[in-house]
Amino acid sequence: VLQERLRQDELDAMMHTVGRRLAAEWPRLRGDLRQRVDGASALLEELGALHEVERLDGGFVIRGHGCLLAEAVHGRRDVCRVLESLLAELLEVPVRECCQLGAHPRCCFEISEENSTHR
């Protein structure tokens, strides 16, 4: 419905806003980036997202074993942007979704150490 009523840039902005507002529902993650990523990973597990966290040069990547939102996504990255924004807000660093869409969708989020805040 939103896709039918909004331009793509408006839809993207709305999905980012939804992610930021969802993040406000959880307590702030504390510690260095690794600790915050572990906290975000625990949150995703609570939501039912089976995944693993990998250390990459310059950050981390969260790779799902499936897609938490597969039934809602149906090949639409707009929905992935909600989780991208939620993670970016919780982690306070840039996050880029790299989800695999198609018959067997899998979540994927690259987390940059750039602008990492230590608490």
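- When hydrophobic clusters are built by joining Ile, Leu, Val, Met, Phe, Trp and Tyr residues whose side-chain heavy atoms come closer than 4.5 Å, directly or via intermediates, Leu56 is not grouped with Val53.
- The line from CG of Leu86 to CD of Glu89 is 8.5 Å long, rounded to the nearest 0.5 Å.
- Leu50 and Leu43 are assigned to two separate hydrophobic clusters, defined by single-linkage of ILVMFWY side chains at heavy-atom distances under 4.5 Å.
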Side chain to side chain contact (heavy atoms under 4.5 Å, CB included), that's the test. Do Val61 and Phe109 meet it? Break it down for me. CA-CA 6 Å; Val61 65; Phe109 299 94; 6.0 Å; no
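- A distance of 6.0 Å separates CD in Glu92 from CZ in Arg36, rounded to the nearest 0.5 Å.
- With hydrogens and angles disregarded, no donor-acceptor distance shorter than 3.5 Å links the side chain of His16 to the backbone of Met14.
- Put simply, CD1 on Ile111 and CZ on Arg34 are 9.0 Å apart, with the number rounded to the nearest 0.5 Å.
- The two residues Ala40 and Leu91 make their nearest non-hydrogen contact at CB-CD2, 4.0 Å.
- Glu52 places a side-chain heavy atom less than 4.5 Å from the side chain of His65.
- Taking the salt bridge (Lys or Arg N to Asp or Glu O under 4.0 Å) definition, one finds that Glu54 meets it with Arg63, sequence neighbours left out.
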Please tabulate, for the side chains in residues 96-103, all donor-acceptor contacts under 3.5 angstrom to protein atoms that are two or more places apart in sequence or on a different chain.
from   : atom 1 : to     : atom 2 : distance (Å)
Arg96  : NE     : Glu110 : OE1    : 3.2
Arg96  : NH2    : Glu110 : OE1    : 2.9
Arg96  : NH2    : Glu110 : OE2    : 3.0
Glu97  : OE1    : Arg77  : NH1    : 3.0
Glu97  : OE1    : Cys99  : N      : 2.9
Glu97  : OE2    : Arg77  : NH1    : 3.3
Glu97  : OE2    : Arg81  : NH1    : 3.3
Gln100 : NE2    : His104 : O      : 3.3

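- Within the 4.5 Å cutoff, no side-chain heavy atoms of Val93 are placed close to those of Glu113.
- Of the inter-residue distances, the one linking Ser41 atom OG with Leu87 atom CG reads 10.0 Å to the nearest 0.5 angstrom.
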Just do the side chain to side chain contact (heavy atoms under 4.5 Å, CB included) check on Arg106 and His51 with the steps written out, would you? CA-CA 9 Å; Arg106 293 180 63 185; His51 64 279; over 6 Å; no
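- With hydrogens and angles disregarded, a donor-acceptor distance shorter than 3.5 Å links the side chain of Gln35 to the backbone of Asp32.
- Between the CG atom of Asp12 and the CD atom of Glu10 there is a distance of 10.5 Å, given to the nearest 0.5 Å.
- Taken to the nearest 0.5 Å, the SG atom of Cys108 stands 11.0 Å off from the CD atom of Glu84.
- The 12-atom threshold is not exceeded at CZ of Arg5, counting heavy atoms of other residues, nucleotides or ligands nearer than 6.0 Å.
- Smallest separation of non-hydrogen atoms from Cys67 and Cys107: CA-SG, 3.7 Å.
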